[in-house]
Amino acid sequence: MSDVLTKLSEVLEERKQADPESSYVAKLYSQGLDSILKKIGEEATETVMAAKDADADKVIYEVADLWFHSMVLLAHQGLSHGAVLSELDRRFGLSGLEEKASRTEK
């Protein structure tokens, strides 16, 4: 899976130099953070609606859109999917309650 994320990250980096008239991602970048966040909110809402409808194919489609736009956000802010994967790896084996408690203690 990380191969797909790596390939996507490379494309998203390339799109930073693309003409906003020729690339959806370049257009999002040119519109700034608020537009990217709005798309993430829209995709999160669509994911929730698909899940409520119990439509498995649509849930997968919408989660893919949500992940994609989250990757756009990471690239826009100069962050990598690798950092997110590292954070997930760090949490692996911890109970959710332990992990949450470790964040509130800081």
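- Looking at residues two or more places apart in sequence or on another chain, you find a side-chain contact (heavy atoms from CB on, under 4.5 Å) between E21 and D19.
- Other residues, nucleotides and ligands place more than 12 heavy atoms under 6.0 Å from the CD atom of Q77.
- Under a 4.0 Å N-O distance rule, the pair E87/R90 qualifies as a salt bridge.
- Qualifying side-chain contact (heavy atoms from CB on, under 4.5 Å) partners for V25, counting only residues two or more places apart in sequence or in other chains: L12, R15, S23, Y29, F68, V72.
- The number of heavy-atom neighbours closer than 6.0 Å to NZ of K38, taken from other residues, nucleotides and ligands shown, is 12 or below.
- L28 CG to L37 CG: the interatomic distance, rounded to the nearest 0.5 Å, is 10.5 Å.
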Do any side-chain atoms of residues 49-64 form donor-acceptor pairs under 3.5 angstrom with protein atoms, and if so which ones, sequence neighbours left out?
unit_1 : atom_1 : unit_2 : atom_2 : d
D55    : OD1    : D57    : N      : 3.4
D55    : OD1    : K58    : N      : 3.2

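- We find the CD1-NE2 distance between I40 and H69 to be 8.0 Å, quoted to the nearest 0.5 Å.
- The two residues M71 and S9 make their nearest non-hydrogen contact at CE-OG, 3.2 Å.
- With rounding to the nearest 0.5 angstrom, the NZ atom of K39 is 4.0 Å from the OH atom of Y24.
- Taking CG of L66 as the start and CD of E42 as the end, the distance is 11.5 Å to the nearest 0.5 Å.
- Between A18 and A26 the shortest heavy-atom distance is O-CB, 3.5 Å.
- Residues W67 and V11 fall into different hydrophobic clusters, defined by Ile, Leu, Val, Met, Phe, Trp and Tyr side chains chained together at heavy-atom separations under 4.5 Å.
- Atom CG of L73 and atom CD1 of I36 lie 6.5 Å apart (nearest 0.5 Å).
- Atom-to-atom distance recorded for E10:CD and L5:CG is 11.5 Å, nearest 0.5 angstrom.
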